[in-house]
Visitor: 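One structure follows; several queries about it will come next.
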Amino acid sequence: MTCSHVTLAELVASAELHHPDKFFTLGLSTGSTPLGCYQKLIESYKNRDLSFKYVKTFNVDEYVGLRDHPESYHSFMWNNFKHTDIHSENTHILDGNAADLQAERDTFEEKIKVAGGMELFLRGIGPAQHIAFNQLGSSLVSRTRVKMLAMDTILANARFLDGDLAKVPTVALTVGVGAVIDAGEVMTLVTGAHKAFVLYKAIKEGVNHSGPCLHTQCV
Ligand code: PGA
């Protein structure tokens, strides 16, 4: 299992060939896993090997109530991609501070639809098998929605918030598994011995809602 940044960079670079009518649309995740990939993409941009001018990004989840916090997914993505030439109007991140979360969900779904769906969905997997904040039992046809976080998701993410469970929001917005299934391609990144079981299940077991990581082929 590798993080094929070369392939990803090639895909992003191909967006320049699409312009100006068609953007390359990326679904992006947070967490520690994709950081190496993001660094490679930023390096490629700095070396002038690729541009993000014709790239649209959709972030797949966000905590509710944490938007301006340094550990919000807003902050995470912006801290990474501000180093590129992506236009801020082409970056889409769910607003977990929206007054009306249902409306935020609907608007986000509509934006994905208008963009023509995600061509590449780049994702990690949580040790508890969540993808974005789709946890065990999430429906294969689920769409963007508000989710209560399960204790194992909170436990996995507490390390970003001083290891303090009380600081981890208990509610989040997340795209659904349906968005993953609809994506043109899915790049799944798995690193670390603690994810060995998740990887085993992804490779050995079939598609079912008892493990969101199983919904696509890992690369
Ligand atoms: P991690 O998170 O990369 O920090 O392990 C994975 C995820 O939650 O998708």
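Whatever order the structure lists them in is the order used to number ligands and atoms, beginning at 1. The shown structure was predicted, so the numbers you read here are calculated from the model rather than taken from an experiment.
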Visitor: Indicate every side-chain donor-acceptor pair of residues 166-176 with a distance under 3.5 Å to a residue at least two apart or in another chain.
Guide:
residue: Lys167; atom: NZ; partner: Asp162; partner atom: OD2; Å: 2.5
residue: Thr174; atom: OG1; partner: Phe133; partner atom: N; Å: 2.9

Visitor: Is it true that the side chains of Asn90 and Tyr54 contain a donor and an acceptor less than 3.5 Å apart?
Guide: no
Visitor: Taking only residues at least two apart or on different chains, which pairs with a member in residues 23-32 satisfy side-chain hydrogen bond (donor to acceptor under 3.5 Å, both in side chains)?
Guide: Ser32-Arg159
Visitor: Could you go step by step and tell me if Arg123 and Asp61 meet the salt bridge (charged side-chain N to carboxylate O under 4.0 Å, His left out) rule?
Guide: CA-CA 11 Å; Arg123 62 175 237 209; Asp61 51 7; over 6 Å; no
Visitor: So among Thr91, Asn59, Asn97, Ile93, which one has a side chain to side chain contact (heavy atoms under 4.5 Å, CB included) with His74?
Guide: Ile93
Visitor: Write out the protein residues near ligand 1, meaning a non-hydrogen atom under 4.0 Å from one of its atoms, in order of chain and number.
Guide: Gly31, Ser32, Thr33, Gly124, Ile125, Gly126, His130, Arg159, Phe160, Lys195
Visitor: Output every pair passing ring pair (Phe, Tyr, Trp, His ring centres under 6.0 Å) with a member in residues 104-127, not counting sequence neighbours, ordered by first then second residue.
Guide: Phe58-Phe108
